[in-house]
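Take a look at the structure below.
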Amino acid sequence: MGKASDFVARLKSVRHIELIAGGLLLVAVLAVYFSCASCASDKSEKTSTVPSGADYCTSMQIQLESVVSQISGVGDASVVINWDKSTSNSFASTQTENPKATGVIVVCDGGDSTKVKLDVIYAVSTLLDLSIEKIIVYPKSN
């Protein structure tokens, strides 16, 4: 008991012990908070789902139709994307599907205008990382 009472006596003699204890408590709380925050972000990254090839293709087609329809002069648009669905091995020795757009046809109300055609072609090229000669824009029939 001599050592414990000696330790308590030394603590009582330290000036501003409350500030030191509060600082240590604050450091401990922050350490726990940031370690849990990083654990939570790791879990959310692991549980987030990557869309399968078919889901990706469908969502890209819907997104592309939406974006193209908003371009000035386009009006209503329909988009068909041709996909190359090759498989490749990843580092985990599992096969993953990597759909790559190989061609796009856009049929839209303003497709008879050269300006609209160029705007649509450049938008699709940018979004899908596709060369412009693989994108065709046609006017919609009345």
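Every heavy atom of this structure was used, including side-chain atoms; hydrogens, water molecules and symmetry mates were not. Heads up: numbering here begins at 1 and tracks the sequence.
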Begin from the C-alpha positions of V79 and I105 and carry the test side-chain contact (heavy atoms from CB on, under 4.5 Å) through to its verdict.
CA-CA 6 Å; V79 176; I105 296 176; over 6 Å; no

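Interatomic distance, CD1 of I121 versus OG1 of T126, reported as 11.5 Å (0.5 Å rounding). Atom OH of Y122 sits about 13.5 Å away from atom NZ of K117, to the nearest 0.5 Å. Rounding to the nearest 0.5 Å gives a distance of 8.5 Å between CD of Q63 and OH of Y56. Distance CD/Q61 to OG/S66: 12.5 Å, rounded to 0.5 Å.
Legend: residues meeting salt bridge (Lys or Arg N to Asp or Glu O under 4.0 Å) with D109, ordered by chain and number and at least two apart, are absent. Residues passing the side chain to side chain contact (heavy atoms under 4.5 Å, CB included) test with T102, sequence neighbours excluded: N82, D84. In terms of the side chain to side chain contact (heavy atoms under 4.5 Å, CB included) criterion, residue partners of I136 (sequence neighbours excluded) are, by chain and number, Y138. Taking the side chain to side chain contact (heavy atoms under 4.5 Å, CB included) definition, one finds that S113 meets it with K115, V116, sequence neighbours left out.
When all heavy atoms of P139 and D112 are compared, the pair lying nearest together is CB-N, 3.6 Å.
By the criterion of side-chain heavy atoms lying less than 4.5 angstrom apart, applied directly or through intervening Ile, Leu, Val, Met, Phe, Trp or Tyr residues, I81 is not grouped with I62; the two fall into different hydrophobic clusters. Hydrophobic clustering of Ile, Leu, Val, Met, Phe, Trp and Tyr side chains at less than 4.5 Å, counting indirect connections, unites I135 with M60. Taking hydrophobic clusters as Ile, Leu, Val, Met, Phe, Trp and Tyr residues chained together by side-chain heavy-atom distances below 4.5 Å, L64 shares a cluster with W83.
Applying the salt bridge (charged side-chain N to carboxylate O under 4.0 Å, His left out) rule to pairs touching residues 64-76 yields D76-K140, sequence neighbours excluded.
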Run the side-chain donor-acceptor check on residues 127-134: report pairs under 3.5 Å with partners two or more places apart or on a different chain.
unit_1, atom_1, unit_2, atom_2, d
S131, OG, E133, OE2, 3.0

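Put simply, the residue from V137, V124, V120, V80 that forms a side-chain contact (heavy atoms from CB on, under 4.5 Å) with V104 is V124.
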